[in-house]
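Written below as structure tokens is the structure these notes are about.
Both ligands and their constituent atoms are indexed starting at 1 by order of listing. Sequence positions, counted from 1, serve as the residue numbers for this chain. Computation of the quantities below employed the complete heavy-atom set of this structure, encompassing side-chain atoms and omitting hydrogens, waters and symmetry-equivalent molecules.
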Amino acid sequence: MRIDVAALEAGQVIRAALSETIDSLTEDVTFDVPVAGEVEISRDPTTVRLRGTLETSTPLSCGRCLTPLRLPLRAYLREEFLVYAGGKAGGAEQPELKTEDFIHPLGPDLILDVTEVVRQQLLLALPMIPLCRPDCRGLCPQCGANWNETTCSHQVPDIDPRLEPLLKLRDRLPEE
Ligand SMILES: [Zn+2]
Ligand SMILES: [Zn+2]
């Protein structure tokens, strides 16, 4: 979705449903269903505001046990774009920007590429380490057993920290 900001009048608000197949342009990341949701675009003389919530999903592997999973992704859009027109913002005075304002300049063509904003926000919504479930136990680093499904002899039981010095002592004793 691309919006011609020059065609919007100050005070105008557009609400639109979006449903679009979006290329993540990122290796290993696919948005596997069309990105869908509502967007609201509003314009005043100097800025364009973009609001919306959009959803899709992405196939990934669990970061601990490598099980394939399909992760729902949601992008929350709360963006502001400064409209430049011939060096002046819409013919009006440039607004004073406060440091907390997160405002992107809009290119000279005054096209707001909603798809690109959504693409970036969806990528930001990806977790650093996706997990199949919050308490995923992962794979055994020695034999590769999936500790969610099975146990193996390498598994260390949860140890009471107060007993740890004793266990260290035991490890130092020669094996019987
Ligand atoms: Zn897992
Ligand atoms: Zn093992």
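Residues forming a side chain to side chain donor-acceptor pair (under 3.5 Å) with Glu116 (at least two apart in sequence, or on another chain): Arg119, Gln120.
Summarising the geometry of Asp4 relative to Ile111, their closest heavy-atom pair is CA-CD1, 3.8 Å, with the distance given to 0.1 Å. Between Leu8 and Arg43, the closest heavy-atom pair is O-NH1, 3.5 Å. Across every non-hydrogen atom of Ala75 and Val118, the tightest pair is CB-O, 4.5 Å. Shortest non-hydrogen contact noted between Ala7 and Gln12 is O-OE1, 4.0 Å.
Under a hydrophobic-cluster definition in which Ile, Leu, Val, Met, Phe, Trp and Tyr are linked whenever side-chain heavy atoms come within less than 4.5 Å, directly or via other members, Val35 and Tyr76 are assigned to different clusters.
In this model, no donor atom of one side chain and acceptor atom of the other lie less than 3.5 Å apart for Ser42 and Arg49.
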Below 3.5 Å, can you tabulate the donor-acceptor pairs from side chains in residues 123-134 to any protein atom, sequence neighbours excluded?
{"unit_1": "Arg133", "atom_1": "NE", "unit_2": "Asp135", "atom_2": "OD1", "d": "2.9"}
{"unit_1": "Arg133", "atom_1": "NH2", "unit_2": "Asn148", "atom_2": "OD1", "d": "3.3"}

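Protein-derived N/O/S atoms nearer than 2.8 Å to the Zn ion (ligand 2) total 4, waters excluded.
Shown here are the protein N/O/S atoms lying under 2.8 Å from the Zn ion (ligand 1), water excluded: Cys62 SG, Cys65 SG, Cys132 SG, Cys136 SG.
The backbone N or O of Met1 sits less than 3.5 Å from a side-chain atom of Thr115, completing a donor-acceptor pair.
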